[in-house]
Engineer: 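Here's a structure for you.
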Amino acid sequence: MAGNRTAVVVPGHGWLDLDGVHRISGRCMRLVLEAEELVSSTEADLVVFSGWSPRGGRSEAEQMRDAWHGPAVELVVEPSAASTAQNAARTLPLLLERGVGKAVVICAPPHLARTRLFFRRLYRGSGVEVSFRAARLAPTARAVVWELLAFPFLPVQLYAARNELARRLP
């Protein structure tokens, strides 16, 4: 059930390095820094990091938690989400379990449209008010192309995420 706590949610982003190890990107590190700044200037007392590892090593969420140098707040790791839709679907139950009534999702500017779509639609009716903050990052051509290529998959991902939430929430 939603409560009066405020959380910051940070979806991960990573890639394989030259040794084949999945690591968070520089962009993802910037999201962590943005979360640190936001927590320092708001009433947020909880940060949820969400993101997987396709190779079974340390997840993006674990790497973001380990990179945290912000205020002493509750840090929660959701290590299994492989997509933005899964980030939304898998963080909502964690927020509800912890009495969160307001969440701020931090993402890169090119990712803002998809992030808003998934989080707004999946959090709707949960009692968790969601808002968004785009990190101060210059968009890269690669990121913009990635976002454009992802749009055709939105309906399928949203459908799957809604079904997952229906199984997980009472």
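Quick note: numbers below take in every heavy atom, side chains included, and nothing from hydrogens, waters or symmetry partners.
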Engineer: Spell out, as yes or no, whether a donor-acceptor pair under 3.5 Å connects the side chain of Q63 to the backbone of I24.
Structural biologist: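 The answer is yes, because a donor-acceptor pair under 3.5 Å joins these two groups.
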Engineer: Quick check for you: to the nearest 0.5 Å, what is the distance between T42 atom OG1 and E37 atom CD?
Structural biologist: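 That separation rounds to 11.5 Å.
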Engineer: Using the salt bridge (Lys or Arg N to Asp or Glu O under 4.0 Å) rule, take E34 and R27 through it: C-alpha gap first, then chi angles, then the decisive distance, then the call.
Structural biologist: CA-CA 11 Å; E34 195 79 20; R27 177 176 86 177; over 6 Å; no
Engineer: Is it true that a side-chain atom of R5 and a backbone atom of R98 form a donor plus acceptor pair closer than 3.5 Å?
Structural biologist: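 Yes; judged by distance alone, with no hydrogens or angles, the pair exists.
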Engineer: Looking only at the side chains, is there a donor atom on one of S53 and H22 sitting less than 3.5 Å from an acceptor on the other?
Structural biologist: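 No pair is found: no donor N or O on one side chain lies under 3.5 Å from an acceptor on the other.
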Engineer: Quick check: closest heavy atoms across Y123 and A103, and the distance to 0.1 Å?
Structural biologist: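 So the two residues come closest at CE2-CB, 4.3 Å.
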Engineer: Contact between L122 and R162 at the side-chain level, heavy atoms closer than 4.5 Å - yes or no?
Structural biologist: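 With C-beta onward as the side chain, the pair touches.
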Engineer: Could you give the side-chain donor-acceptor pairs of residues 105-118 under 3.5 Å, partners two or more places apart or in another chain?
Structural biologist:
from, atom 1, to, atom 2, distance (Å)
H111, ND1, R114, NH2, 3.4
H111, ND1, E147, OE1, 3.4
H111, ND1, E147, OE2, 2.9
H111, NE2, T84, OG1, 3.0
H111, NE2, T115, OG1, 3.2
R114, NE, E147, OE1, 2.6
R114, NH2, E147, OE1, 3.4
R114, NH2, E147, OE2, 3.2
T115, OG1, H111, O, 2.8

Engineer: With a cut-off of 6.0 Å (strictly less than), are more than 12 heavy atoms of other residues, nucleotides or ligands near CZ of F151?
Structural biologist: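 Check passes, neighbour count above 12.
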Engineer: Is it the case that R90 and S80 place a side-chain donor and acceptor less than 3.5 Å from each other?
Structural biologist: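 Result is yes, a qualifying pair exists.
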Engineer: Is it the case that over 12 heavy atoms from other parts of the model lie below 6.0 angstrom from the CG atom of N4?
Structural biologist: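 Count not over threshold, so no.
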Engineer: Between the main-chain N or O of T91 and the side-chain N or O of E78, is there a donor-acceptor pair closer than 3.5 Å?
Structural biologist: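 No, the answer is negative, given that no donor and acceptor are paired below the 3.5 Å cut-off.
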Engineer: Keeping the roles fixed (side chain from D19, backbone from V21), state whether a donor-acceptor pair exists under 3.5 Å.
Structural biologist: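 Judged by distance alone, no pair lies under 3.5 Å.
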